[in-house]
Amino acid sequence: MVCYSRVVNQYLALSIGLPGHGFHLAHDPLALLFLAILAPQIIATGLGPDRKSVAYWFFIAGMVLTVLAAEAFTLLLGFELMSAASWLLVLRGDRKPATLYAGIAMFSGACLLPALFIPPGGIAFSLILLGAGAKAGLAPLHAWLPRAHPAPSAGVSALMSGGMVKVALYILIRYGFIVLGAAAQPWWGTALIIAGSASVLIGSLRAMLEVELKTILACSTVEHVGLIAVGLGIALRAKALDDPSLAALALQGALLCAIAHGLFKPLLFLGAGAVKHATGTSSLDWLGGLIRGMPKLGGLMLAGCFGMAALPLGPGFAPEFLLLHAVINAAGTGEIIARIGFTALLAILGLSAALALGAAVRIIGIGFLGRPRSLRAAAAEEAEQPVLFGMGLLGILCIPVALFPGLILLLLNPVINQLIPGAAQTPLGYAPAPLATLLLLAAGATYAALKRYGTKAEREVHAFNGGFGKPPAWLPFGDPVTQATGTGFAEPIQRVLGVAILGVKTIDPGELYVLDPLRRLNVQFTRAAERVRRATIRQRLAFVFAALVLFLAALGFVQGA
Amino acid sequence: MLRALLAVIATIIHSVLVFGLAPLLMGIVSKARARLLGRTGPPYLQPYRDLAKLLRKTALIPDTATQFYKIWPFITLSATAVAALLVPSFSFGLITAPLSDFITLIGLFALARGATMLAGLETGFGFGGAGAARDTLFSLFTEAAVLVLVLTFVLLAHTPTVDGIGIQFRDGHIGLSVSLGFAFAAMLCVALTETGRIPVDNPAGHLELGMVHEAMLLEYSGRYLALFYYAAALRLMIWMSLISAIFLPFGLADSSAMLTWPGGLVSWGVKLIIGAFALAAFEVATAKMRVFRVPEFLGVALLLGILSSVFLFVATKLGGT
Amino acid sequence: MNNLIYPFAHLLGGVILICAFALLSQRRLAAMITLYQFEAMTLTAAAFWQGYAQHELALYLTGGITLIIKAIALPVGLRRIVKNFNITRAVETAMPVGLSMILGVGLIGVAVWVVLPTTMNAVTLTREDLAISLSVVLLGLLVMTTRRNALSQVIGFLSTENGLVLAAIGMPGMPFVAELSVALLVLMAFLVVGVFLFRIREHFDNLDIAGIESIEKQGR
Amino acid sequence: MSIALLAVLVPLLAAIPLALAGNATSASYFNLALNSVTFALTLGVGFSPGTGMLHADNLGIIFGIVSGFVGFTTSVNNLSFIKSEQGRKSISRWRLYHAMCQVMLGTTLLGLYADNIGLLWVAVEGATISATLGVSLSRTASALEAAWKYFILGGVGIALALFGIMLTYLAAQPALGPGIAAMSFSALTQHAAQLDGSLMTLAFVFLLFGFGTKAALVPLHGWLPDAYAEGPIPLTATLSGLMLNVALLALLRFRHLMSANAAAGAGAMHPGPFLLILGLASLFLTGFSLWRRRDSRRFFGFSSIEHSGIAIFAFGIGGPAIIFGGLLHMLLHTLLKSALFQALTKAALARGSAAPGNYGFSHLRGMIATNKHLGWLLVICIFALTGLPPSGLFTSEYLIISQTIIRALYYSLPFGGGLLLCAIAIIRQVGPVGFAPAPASAKPQKAGADIITIYAHLVLVVLLAFAMPVPLVALLSHIAEALQ
């Protein structure tokens, strides 16, 4: 027996991981935080049908591995595993964006790999920013996200938007603040802020203009990634400029945003999947009035949109609040150009907050309220139990984030201390609990007043509809044409802002200025390669011969010199 | 302890006055406007009568309404009411002062607006949708402009709460500056939009194609409509109080010094009345804009807001701080 | 006698180089085959001479094989192909003959240029020998790349192979010279006698690889 | 008689009875039996590596085992291939086919085990001739064209290699004296510092072009895609793919001679730039050539060129860790590519026939829909080629890139770009092959039991990369150390 084990040890022992080096895992507050962000999404999506897919578990394994990685190989292995598994899931959902997605995913891996090896400095950070930014959907490399995230099944979309993007940001944080932290320069933060604010603007605008429900959510993810990046950028800049309190404030905002977004976005994606399942479409222009058939789902979606719109008393407001204060504080000191920049950033953030509200209202108002725009929407039935359960779980977890962000911030303290040593914590100036009390009080008082002074009489009538008559009997929900569509709702904004930023054809600048030129370049080079490939035997022989003579001549040249 | 007690009392007075007088303010504006146009106009108390009438009417629920039909007015009104509790009226130092962060206030307005927009989309008829879409468009610029204004205020007052900003502006010898002038103009534009007045929207108009706020309420009636009306009145009150508290804070009281209260009350009342007349005069003097000119109007407000910050930066640079 | 060994070896190498160069200038297959035959004969003589000089039996063997196969069998086969397929007319070249000859001169220059810096202290084969065989190899390759006709490509390849054998026989004490040259000959015989030409005959009317090129034009 | 010699002789001699076999089915079983024996022998070569000219070193043994394994699994899959294809060609063709399969395997093993550069050259030549015969087997115009192309380009490569070998001998002769020692790899390696540097450099250029042609490095790659695409796939793609390793290992050894000589200051140029240029050229040309391929065998032929380029690039950078990575990459790629070709053959068979024209991507669309098991295997194989985990190529590419970054940062940029380009072009095809709707003519089918060999390949690919046995790690590290 002993002898056997020796044989096993000597000859059959396996070197798990990188041959000769192996795997290394470690955990610290930052990693634990991101694991905590991932956990509820994994549980919620795991309740759905996706758990039967092997790729889904590979996907999760990749994310967890990335977060827990202690060295470059494991980190990259996890990262690429995550990309590969999610690519397969995207592919099975929709073949069209899969290649683009794989390309971007591999591009980010290709950027991260060198960054892990070259000495800390600007180049390393730029590569990290490119790599992690591309994966997270940070402008200008964001154009793939609204295409790829909606493609797979709902649970996977939820995990991609809520989890995978966070893992990319985790890498950005880990390298920007910890690994490369000592070499940090203010411009790192500035770059992050610029990329973030562009994402915020484009993401929120497209979220307002898109018609597919999942695409809207994906665009909103771009916006939230931008918000987090803005927070991280301010923190990084402040850290480099030796302003730990501002850095802590911005970081609080960014991390809280990551937490909140990790809850409400998967919830919304799961809901969007359920809508698609129930109606066969997720285009807002074919939905409407879903809340009648699926009240529970509608309520949960409302809760999610509440967070997405960053309204007070919702989970999304506290992060937005912190971020806005961070921007205001950042605008308070420093170079005049930077201050003007921060002022503009503030305007962008205001614009996008309103756009986010508009997008959220659009999802609920067009999709769930109003009249059905198709028979399938009219016949929609309540989502399945596991989906509702998963969404409910995420919804319940939103409550502490929404009402007690102060507590969550206390829990974040170790992370913030890890990232910015010696940061002074500023108390949160936003107290949702008393506000919620006041709101309930006001609502209660209103209700009591109505009860006391008003009549209770109610009568169901045909809608006023600007005085138009009753629709014919064969249109049980009225004429569908007389109600605003998703496109129509967004039309004023498309006219005023969409044309200015996205152009007349509403093409994402990331598509127009980044992906399209690359495609054209590829086509050109491919044509050249085809010319080489079409060479005749004699010409191929001539290649060999020419290369040989060239090498010989070079050799003669070098040796002669 | 005494301070807290005084703050509580002041808050109660504030609530009673704000909630009680909001329709009256509306009445004053309507009356003044009618007078300026040479008409007699409705009585000052007409809004109260309207509300009472609406409360007594049977609510007509459209057949296409969903379960949430009755919830939106409550949310709109409650959010506006909470905002009303946060904005100081006659006195600073209310018990809600620590909560009155400017950004929270913006959020509450957004919450009320969101609920109203959903109310507009609720029954699925064209006008509600059109109104909501236009409201979204306007809100883009107002939110951006307000946030930039907040920056100016915070940089001057070094505090983000409305209460603190008011106190600083009253006591801090900020004086008149170009920045504040720009900010004031921008704030007025925003306030006109937020309260749905001419030139952006016409509260009295009933031409559906041009309506924004009213269009969203077309399917509401009875007590639910009353809630929306009341919320609108409250919003006017809040914005007037807000502008008075920030730009004209002189004379306003402190909750801890009871003796200043009467002065504060008088000063607040006078400012409201002047504001009401000024608003009426402005509305009479201008015409309503086409919808797609409003973004330009608000763009100017945004630009003014940014300019006010920029001038501030330049001033501090010159001042050497 | 001893002082004659190297000059004579050089002389034979030089003759082979001239043959290889002359191949470049030929447009007609029959003349190319004759030149090749002469080249092979010179190579045989060189092999015998080296065998005599190095007292190496294997080199005689190599010479014998070269004589029988390259100088007699292959040219006979090639001539038969020419006759059967009736391709006695001038073959089309891919570039003007003058230009290819200029290139050939350039190649000889490159060969000399590359070989010159090498130091060969203890080796009896001098730089010149190496330069000659390298030149023959390169010229053969040039023939292959400048002729459109398959048979002339084959002749170019055979000439290249002659260069290789010339180098091999000049390597003092190199083992397996005979074996390697036999292996090379297998390749060459495979090339010439082998089924290719007949198969190409089956599918293409002549030995011009333009027919093959047209297939290649279709995308895949 | 050593086992190494036996492992070479068994397939070479077995070609004779196979060339006389009267029945293709029984020949295929005999072929399987022979390859099992050969595989067993390759496993045993470590115990008796031979002496003199045929002396297998550790590197040869490891790659010999892999070649034996691939030969074995190929012959397993060959059974079903012959079963459904034998009616399409006359018996004489199948005789030639089986004989050439054996010759191919035998020459591959000879090339791996040879400790003599002359013998190595003979092995390469034999492989070229047998592959040429294999490619021309179907006698169609495009097959003949491919064969002619193979022969002309391969022949020129062989000629150049021979010239390089003679120059090497010339460079070694002063140090090792005339005779067989100056042609032995082990002796050359030992005396690398005493070789004539400048002559060795000249020799290396010719060796690079000679063996580079066999390794299909751009611009010497012209023969490969067509050769892979025509002819019976087990012979011309799977088995002849093994020959790439022989050529790459030969280049690795010659490279070591050069770098050791250069390090000792004996006048050789560092071989790095030569290899890097060819490696990068391979990567980029294939990267752009992959995009418009419609025939899957040509497509994967180009991918083989890419992987040769990767290995050569790794050798060009140099250093123990990266050579470890390069060797690992070759091992994994051999296993993976042969699995892929086996799956591809099965897929084409499932869609009717394994004739060369049957491998168009449009023909293989939607494999999962009609043949779930096989479709997934095909998808996994294609996907694994991109180097994304859990494919083992991830580990080797990681090693190569990370070492490149450490040793030659600026080379990592084009290298990474090229890899990315190829990976995107390859991953593009997974969707159509796997998940597109199948052509209307395709009928659902069940995969045969011999599909298990593909699983075995894939499991090995993952295990070798992520759970390599510790002794093998030590062995490969040692080899890489010695050849750095």
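All values below come from the heavy atoms of this structure, side chains included, with hydrogens, waters and symmetry mates left out. Note on naming: letters A, B, ... go to the chains in the order of the sequence lines (proteins, then strands), and numbering restarts at 1 for each one.
The residue among L313(A), L302(A), L349(A) with the most heavy atom pairs within less than 4.5 Å of chain B is L302(A). Your options are G120(B), A132(B), G222(B), and the one with the most heavy-atom pairs under 4.5 Å with chain A is A132(B). When each of I75(B), V154(B), L99(B) is checked for heavy-atom pairs under 4.5 Å with chain A, L99(B) comes out on top. In terms of non-hydrogen atom pairs under 4.5 Å with chain A, the most contact-rich of L147(B), D63(B), L55(B) is D63(B). When each of T104(B), V82(B), I103(B), L86(B) is checked for heavy-atom pairs under 4.5 Å with chain A, I103(B) comes out on top. When the candidates E460(A), E458(A), R362(A) are compared by the number of heavy-atom contacts under 4.5 Å with chain B, E458(A) comes out ahead. Residue with the most contacts toward chain B among I364(A), I366(A), I340(A): I340(A) (heavy-atom pairs, distance under 4.5 Å). Between chain B and the options G365(A), G488(A), S352(A), heavy-atom pairs under 4.5 Å are most frequent for G365(A). With chain A as partner, the option from T80(B), L227(B), T152(B), D135(B) having the largest number of non-hydrogen pairs under 4.5 angstrom is L227(B). Between chain B and the options G298(A), A331(A), G314(A), G332(A), the largest number of non-hydrogen pairs under 4.5 Å is found for A331(A). Interface check for chain A: of the options A133(B), G129(B), A52(B), the most heavy-atom pairs under 4.5 Å are formed by A133(B).
Residue L311(A) touches chain B through its side chain alone, counting heavy-atom pairs closer than 4.5 Å. S139(B) touches chain A through backbone and side chain together, each having a heavy atom under 4.5 Å away. With a 4.5 Å cut-off on non-hydrogen atoms, F68(B) touches chain A through its side chain but not through its backbone. For L118(B), the parts lying near chain A are the backbone and the side chain together; criterion is any non-hydrogen pair under 4.5 Å. A81(B) touches chain A through its side chain: at least one heavy atom from C-beta onward sits under 4.5 Å away, while N, CA, C and O do not. With a 4.5 Å cut-off on non-hydrogen atoms, L108(B) touches chain A through its backbone and its side chain both. Neither the backbone nor the side chain of I348(A) comes within less than 4.5 Å of any heavy atom of chain B. Both the backbone and the side chain of L137(B) come within contact range of chain A, each with at least one heavy atom under 4.5 Å from a heavy atom of that chain. Heavy atoms closer than 4.5 Å to chain B are found nowhere in R373(A), neither backbone nor side chain. Proximity to chain B is limited to the side chain of F306(A), based on heavy atoms less than 4.5 angstrom apart. E122(B) touches chain A through backbone and side chain together, each having a heavy atom under 4.5 Å away. Of the two parts of L497(A), only the side chain, counted from C-beta on, holds a non-hydrogen atom closer than 4.5 Å to a non-hydrogen atom of chain B. Heavy atoms of I106(B) lying under 4.5 Å from chain A are absent altogether. With a threshold of 4.5 angstrom between heavy atoms, T96(B) approaches chain A through side-chain atoms but not through N, CA, C or O. With a threshold of 4.5 angstrom between heavy atoms, A115(B) does not approach chain A through any atom at all. Proximity to chain B is limited to the side chain of V496(A), based on heavy atoms less than 4.5 angstrom apart. Y220(B) does not touch chain A: none of its heavy atoms, backbone or side chain, sits under 4.5 Å away. Proximity to chain A (any heavy atom under 4.5 Å) is shown, for K53(B), by neither the backbone nor the side chain. Neither the backbone nor the side chain of P73(B) comes within contact range of chain A; no heavy atoms are under 4.5 Å apart. Interface residue V148(B): backbone and side-chain heavy atoms are both found under 4.5 Å from chain A. Looking at E320(A), there are no atoms closer than 4.5 Å to chain B (heavy atoms on both sides), in backbone or side chain.
P160(B) and H325(A) make their closest contact through CB-CE1, 3.1 Å (heavy atoms, listed as atom of the first residue, atom of the second, distance). The two residues A347(A) and I306(B) have their closest heavy-atom pair at CB-CD1, 4.4 Å. Closest approach of A457(A) to R223(B), counting heavy atoms only: O-NH1, 3.2 Å. Minimum interatomic distance between R459(A) and T58(B) (heavy atoms only, all atoms of both residues): N-CG2, 4.0 Å. In terms of heavy-atom proximity, Q67(B) sits nearest to P295(A) at NE2-CB, 3.7 Å. Across all non-hydrogen atoms, the minimal contact from A354(A) to E143(B) is N-OE1, 3.6 Å.
Between P62(B) and F464(A) there is no side-chain heavy-atom pair separated by less than 4.5 Å. Side-chain contact between L324(A) and V150(B) is absent, with no heavy atoms from C-beta onward closer than 4.5 Å. Put simply, the side chain of L111(B) does not reach to within 4.5 Å of the side chain of F317(A), judged on heavy atoms. Inter-residue side-chain proximity for T136(B) and V361(A) is flagged as unmet; no heavy-atom pair is nearer than 4.5 Å. Proximity of Y430(A) to D101(B): side-chain heavy atoms (C-beta onward) are nowhere separated by under 4.5 Å.
In this structure, CG on L435(A) lies 10.0 Å from OG on S100(B), to the nearest 0.5 angstrom. Within the model, atoms OG1 of T64(B) and CD of Q483(A) stand 8.5 Å from one another, a figure rounded to the nearest 0.5 Å. To the nearest 0.5 angstrom, H462(A) atom NE2 is 12.5 Å from L60(B) atom CG. To the nearest 0.5 Å, atoms CZ (F489(A)) and CE (M117(B)) are separated by 6.0 Å. In this structure, OH in Y69(B) is found 12.5 Å from CG in L369(A), a value given to the nearest 0.5 Å. If you take CG on L54(B) and OG1 on T455(A), they are separated by 12.0 Å, rounding to the nearest 0.5 Å.
Residue Y453(A) qualifies as open at atom OH: its count of foreign heavy atoms under 6.0 Å is 12 or below.
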>> Determine whether Y230(B) and T446(A) satisfy the following criterion, side-chain contact (heavy atoms from CB on, under 4.5 Å), listing intermediate values before the conclusion.
In response: CA-CA 11 Å; Y230(B) 184 61; T446(A) 316; over 6 Å; no
> Can you list the steps and then say if I328(A) with F102(B) is a side-chain contact (heavy atoms from CB on, under 4.5 Å)?
Replying inline: CA-CA 12 Å; I328(A) 289 174; F102(B) 219 120; over 6 Å; no
>> side-chain contact (heavy atoms from CB on, under 4.5 Å), that's the test. Do T343(A) and L151(B) meet it? Break it down for me.
In response: CA-CA 8 Å; T343(A) 313; L151(B) 173 64; 3.5 Å; yes
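A donor-acceptor pair is defined here as one N or O able to donate and one able to accept, closer than 3.5 Å; no such pair exists between the side chain of R339(A) and the backbone of V314(B).
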